[in-house]
Amino acid sequence: MLTALYVPANRPDRFAKAVAAGPDLVVFDLEDAVPVADKAEARGWAVAWIAANAHGPVQIRVNALSSPWIEDDLAAISSVPSVRIRVPKVESAADVQAVLDKVPSARITALLESPLGVERAYEIATADPRVEAIALGEADLSSALGVDGAEGLAWSRGRLVSASRAAGLGAPMMSVYPHVDDQPGLLRTSLEGRRLGFVGRTAIHPRQLSTIVEAFTPTATETAEAKALLAAAEQAGVTTGGVIVLPNGRMIDPAMLGRAQEITTLHHQTTPRPH
């Protein structure tokens with residue numbers, strides 16, 4: 001999964017357009033994007049749309065567990081089979097369990113938005129098999145840490161990538177880039193994230209999607225080298241085990257083959273892509 005697109009849940013006129021834009025996941029946002037006065041109506045619109053399109057690439061971001069709206073959010077969502085929920089401000093495995101107790105069929109993306117949440121990243125990632133991803137909420141986290149920019153978030157980002165991989169969840173997606181019209185900045189910061197181990201990013205506008213795909217798509221050189229490495233290993237008749245010495249004298253190991261397979265898989269996922 002390379003792209004997820006937020007859409008305010010109080011804008012049902014945008015729901016179908018968001019799906020048609022071609023992201024891997026559309027996130028109906030009940031939290032930050034929705035004014036207090038609109039939350040009940042937005043909840044009804046989002047849940048109805050998700051219930052009618054349960055097999056589509058959709059997820060709903062509920063309000064924080066400490067908010068006065070979360071009980072109504074979860075009660076409404078519980079009627080939707082296998083719903084995917086993005087839970088903000090998760091700080092413990094108990095927070096995850098509190099959601100799953102109310103919506104047992106859910107699949108959870110836990111947003112870590114505080115220093116405590118980041119410190120417990122692996123605990124949260126392994127809280128339950130129904131946790132399918134963890135992600136950072138970088139705006140709140142930056143404020144809590146008193147930092148500004150990528151350097152201040154470097155440790156937290158690395159922690160998230162490591163915890164995700166250790167938990168068997170695969171590479172996580174980056175947080176949003178808030179400057180909708182700054183495509184060069186989106187590309188630059190996405191490439192920075194890719195070098196840290198992220199694969200993909202959430203977006204707040206459809207026109208960010210193609211730039212995100214561009215940033216996280218393996219280059220032609222990377223893809224060619226990965227395919228050549230896998231082909232050489234296959235020809236040598238060895239794909240697992242210890243160190244492998246290819247006929248040309250190059251030494252490789254299973255970790256290198258695994259990374260090559262990831263690159264070729266990602267290449268297939270991103271070619272071609274809708275814009």
Side-chain angles (χ1 to χ4, degrees), residues 1 3-21 23-92 94-114 117 124 130-141 143 173-178 180 201-206 208:
M1 184 181 299
T3 55
L5 176 62
Y6 277 112
V7 59
N10 63 334
R11 293 298 306 270
D13 56 308
R14 296 182 181 178
F15 291 178
K17 294 177 182 178
V19 173
D24 296 306
L25 186 68
V26 173
V27 183
F28 296 88
D29 188 8
L30 291 176
E31 194 200 19
D32 291 343
V34 179
V36 171
D38 295 342
K39 285 190 182 292
E41 194 171 38
R43 181 187 306 117
W45 281 326
V47 171
W49 203 96
I50 292 173
N53 298 273
H55 300 294
V58 295
Q59 184 182 64
I60 187 164
R61 179 164 79 166
V62 296
N63 288 281
L65 295 176
S66 60
S67 77
W69 309 288
I70 185 61
E71 293 298 328
D72 288 339
D73 287 350
L74 297 180
I77 291 169
S78 64
S79 64
V80 182
S82 302
V83 65
R84 303 172 83 170
I85 306 177
R86 184 168 292 237
V87 184
K89 300 174 177 60
V90 174
E91 293 189 325
S92 68
D95 287 347
V96 172
Q97 195 58 52
V99 175
L100 292 172
D101 286 346
K102 298 291 180 64
V103 194
S105 67
R107 290 175 289 166
I108 301 292
T109 293
L111 291 177
L112 314 183
E113 305 185 67
S114 70
I124 293 166
R130 288 165 288 184
V131 176
E132 60 180 355
I134 57 176
L136 291 180
E138 292 189 352
D140 283 16
L141 182 60
S143 178
M173 299 176 73
M174 292 185 74
S175 184
V176 300
Y177 187 72
V180 173
R201 189 166 200 171
T202 51
I204 56 174
H205 195 282
Q208 293 182 314

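The first residue of the sequence shown is numbered 1, and numbering continues consecutively from there.
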Between the main-chain N or O of A75 and the side-chain N or O of S78, is there a donor-acceptor pair closer than 3.5 Å?
yes
Nearest atoms (heavy-atom pairs only) where R86 meets T202
NH1-CG2, 3.7 Å
Identify the heavy atoms of L30 and A9 that sit nearest to each other, and give their distance.
CD2-CB, 3.5 Å
What I want to find out is whether D32 reaches R61 closely enough, with some N-O distance under 4.0 Å, to be called a salt bridge.
yes
So which heavy atom on Q208 is nearest to which on Y177, and how close?
NE2-O, 2.9 Å
Given 3.5 Å as the limit, does a donor-acceptor pair link the side chain of D95 with the main chain of E91, or not?
yes
For the pair K102 and I85, evaluate side-chain contact (heavy atoms from CB on, under 4.5 Å) and give the outcome as yes or no after the intermediate values.
CA-CA 12 Å; K102 298 291 180 64; I85 306 177; over 6 Å; no
Is the backbone N or O of N63 less than 3.5 Å from a side-chain atom of D73, with the two atoms forming a donor-acceptor pair by type?
yes
Report the relative orientation of the aromatic rings in F15 and W49; use parallel for angles under 30°, tilted for 30 to 60°, perpendicular for over 60°.
perpendicular
Nearest non-hydrogen partners of S175 and R201, listed with the distance
O-NE, 2.7 Å
Test item: D24 side-chain N/O and T3 main-chain N/O as donor-acceptor pair under 3.5 Å
yes
Looking only at non-hydrogen atoms, find the nearest pair between V62 and E31 and report the distance.
O-CB, 3.7 Å
Can you check whether I108's main-chain N or O pairs, donor with acceptor, with R130's side chain at less than 3.5 Å?
no
Distance-minimising heavy-atom pair for R107 and S82:
NH2-O, 3.7 Å
